[in-house]
Q: 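Input: one structure, supplied below.
The first residue in the sequence is number 1, and the count goes up from there.
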Amino acid sequence: MSQRILILGGGYAGLYAAKSLQNQSDALLEITVVDANPYMTYQPLLPEVAGGHVNPADVTIDLRRTLRHCTVLRGTVTDLDVEQKTANIDLLNDQEISIDYDQVILALGAVTRVFPTPGLIENAVGFKTVEEAVYTHNRVLEQVARAAETTDEAEKRKALTFVFVGGGYTGVEALSELSDLSKNAVRNHPSLDESDLHWVLIEALDRVAPEVGPELSKWTLQALRDRGIDIRLETTIESCENGDVTLKGGDVIPANTIVWTAGVQPNPLYKSTNVPLGPKGHVIANAHLQVMREDGSIVDGAWALGDNAQVPDLTAAKQPAYYPPNAQNAMRQAPVAAKNVVSSILSRPLIEYRHESLGTIASYGIGHGAANVKGIKLKNLPAWMMHRAYHGAVIPTFNRKIRVFIGWFTEAVTSRETTALTALETPRKAFTAAFGKSRAKN
C-alpha cells in the first residue's frame, strides 16, 4: 500500500525533499507538492538578477519539470490539522480541495519581515522574489533616465536617491549590485555624473553584513563607504510617506526608490493551523526533523525543515543552539528528512541532522565581495570568484547551471544591459491606449 506524502512549500527545502523522495525505491510513495508558484527561486543570485548579470528565468527551477514523479499543485494552504492528518488547499482556480496524507513535510519558506511604518506599503518594495529583483533593476534604470530628462533639481535629486532599509548581507549584496548598475546607466547620460547618485543604507544594528563575521563585517562597512554609500548605523525609519524617508532623530531623505531588506519572519500561515510553534513562530523540531509538541512528544507523521523550522544544532559547543535559517541548511536538511520519512514508514532507525557551517560568501558587485569559509577570510576578487563558482555549481538542475555560466560569459565579452523594461509592469497599457484612440476616431 502506498504512502501519501504531502510537501508544503516548493522552495529549497521542499524541492530537495521531493527530489530525494521521488528517487526512493524502498517504499511506494504518492508525493504531492503544494506551492503558490510553479517554480523554485534560487534566491542567492537575486542580487545578480537585479544587477543585470543573470537572466531572471535562469534562477527559477520549474517544479513540474524537475519533480516528474510528483503531483505539483499551485495553491495556498488554508488549514492544516496535523493530528487528523488533513490539509485544505486553496488552488489558483479558486477551487478548494481537502487532502488526506500519511506524512507531511512542512517546508513553507519565510516571508519578509515588515513593520507598520507609515508609507511603507505604498512606497517600498521588498527583495525576496525574482519579480522584486526585476522590478528594482528596472526601477533604478528608470529613475536615472528620469533624472536626465528633468530640469527640476529637487526632482532630479529625489530620482537619484536610493534608500535600502536593512544591512544584512542580502541587503548589502543587492545595494552593491544596483549601485554599480546606476553608475553604468549614468555614463549613458551626458547631463548626469556619478556624483549625482545618492545611495543610502539604513541599519538598526551597529554593523552591516554580520553574517560574514566581525572582521569582514567591519571591512565591508568601510569598503561600502569607500564606494560612496551613505551608511546610517543604529538608525531606524519613522515613515516614508510620499517617498520622504524620515529617520528616527528627524532627518528626512527624499527618495523615489525604497527597498526593504530588513530581515524575514516565519510564515504566518502556520498560525492558522494546529502545528506546534515556538515563541517566535517557528515550527518546533528535533534533530530527526520531526515536529515536536511543547511537552516534548512527537507529532506523528509531521516533519519540519528550512527557514521556518527550529532545529537543534547538536554540533555547537554551547547548548542550546539552533541552525540559522539559510539555504545551506535547507538544502542539507531535505535529504535527511526524506530518508527519515522512508525509514519511519519501514520502521528503520532515524538519522539526526548534523552539519557544521561551511561559512558565508557574499558578492558586492563584480570583483568585490567577502567570504569566511572554514575560518579562511577572503576579500574582493577571490571572494567574488568563489561566490560565483559556488552558486554556479549548486544551483539546482544541470540546465540552470549551464544557462547561468553562459550568461556570465556572455556579459564578460559584451557588456551589462542597461535598458529599463518598465513596460513589463503594465503590459496592456499600449493595447488599451490604442483601443481608446480607436474609439475616439469613431
Side-chain angles (χ1 to χ4, degrees), residues 1-35 40 63-64 66-73 75 77 79-89 97-109 269-270 273-277 282-312 314 323 329-355 396:
M1 183 176 178
S2 64
Q3 285 276 311
R4 298 162 298 181
I5 313 298
L6 176 63
I7 301 176
L8 301 180
Y12 297 104
L15 173 70
Y16 281 93
K19 283 186 65 178
S20 297
L21 283 169
Q22 72 177 8
N23 294 330
Q24 294 284 341
S25 58
D26 292 344
L28 186 60
L29 308 176
E30 295 179 11
I31 307 165
T32 301
V33 179
V34 178
D35 197 281
M40 171 263 199
L63 293 178
R64 288 191 174 90
T66 307
L67 306 176
R68 296 186 183 277
H69 302 293
C70 302
T71 298
V72 177
L73 298 178
V77 182
D79 186 43
L80 175 67
D81 189 332
V82 294
E83 303 297 340
Q84 298 299 319
K85 296 187 175 182
T86 62
N88 291 335
I89 312 296
I97 62 173
S98 180
I99 296 178
D100 297 325
Y101 64 82
D102 298 300
Q103 308 279 337
V104 63
I105 295 178
L106 306 178
L108 295 174
L269 288 175
Y270 287 122
T273 73
N274 62 357
V275 175
L277 301 177
H282 294 87
V283 181
I284 304 171
N286 62 14
H288 297 131
L289 305 178
Q290 295 168 296
V291 175
M292 304 286 291
R293 299 184 182 90
E294 290 186 13
D295 61 6
S297 61
I298 296 170
V299 178
D300 180 59
W303 312 80
L305 58 157
D307 290 351
N308 287 269
Q310 184 176 289
V311 179
L314 302 181
Y323 288 103
N329 283 303
M331 292 165 61
R332 289 168 175 79
Q333 288 169 355
V336 173
K339 186 171 183 178
N340 281 344
V341 166
V342 174
S343 294
S344 69
I345 295 171
L346 301 177
S347 300
R348 295 174 180 171
L350 306 183
I351 59 175
E352 294 178 336
Y353 175 71
R354 292 174 179 263
H355 172 65

Q: CD of Gln24 to CG of Leu29: how many Å apart, nearest 0.5 Å?
A: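 One finds 7.5 Å between CD of Gln24 and CG of Leu29.
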Q: So, Asn329 and Gln333: side-chain donor and acceptor under 3.5 Å apart, yes or no?
A: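 No donor-acceptor contact under 3.5 Å links the two side chains.
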Q: Which of these passes side-chain contact (heavy atoms from CB on, under 4.5 Å) with Val33: Thr71, Leu6, Leu73, Ile7?
A: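 Only one of Thr71, Leu6, Leu73, Ile7 forms a side-chain contact (heavy atoms from CB on, under 4.5 Å) with Val33, namely Ile7.
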Q: How long is the straight-line distance from CD of Gln22 back to OG1 of Thr66, given to the nearest 0.5 Å?
A: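 Taking OG1 in Thr66 and CD in Gln22, the distance rounds to 8.5 Å.
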Q: Near Glu83 CD, under 6.0 Å, is it more than 12 heavy atoms from other residues, nucleotides or ligands?
A: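 Counting other residues, nucleotides and ligands, CD of Glu83 exceeds 12 neighbours.
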Q: Can you measure from CD (Gln3) to CG (Asp102) and round to the nearest 0.5 angstrom?
A: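 So the gap between those two atoms works out to 4.0 Å.
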Q: Take Leu346 and Val342 through the side chain to side chain contact (heavy atoms under 4.5 Å, CB included) test and state the conclusion after the steps.
A: CA-CA 6 Å; Leu346 301 177; Val342 174; 3.8 Å; yes
Q: Does CG in Asp81 sit with more than 12 non-hydrogen atoms of other residues, nucleotides or ligands closer than 6.0 Å?
A: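 Correct, the count exceeds 12.
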Q: How long is the straight-line distance from CD of Glu294 back to CG of Leu277, given to the nearest 0.5 Å?
A: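 If I round to the nearest 0.5 Å, the distance is 9.0 Å.
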Q: Do Tyr12 and Asp307 have side-chain N/O donor and acceptor atoms under 3.5 Å apart?
A: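 No donor-acceptor contact under 3.5 Å links the two side chains.
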Q: Given side chains that start at C-beta, do those of Met40 and Leu63 come closer than 4.5 Å, heavy atoms only?
A: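 Answer yes - side chains close enough.
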Q: Show every salt bridge (Lys or Arg N to Asp or Glu O under 4.0 Å) that has at least one partner inside residues 335-353, sequence neighbours left out.
A: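 Every pair satisfying salt bridge (Lys or Arg N to Asp or Glu O under 4.0 Å) with a residue in residues 335-353: Asp26-Arg348, Glu352-Arg354.
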Q: How long is the span from the CG atom in Leu350 to the CH2 atom in Trp303, to the nearest 0.5 Å?
A: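 Separation between the atoms: 5.0 Å.
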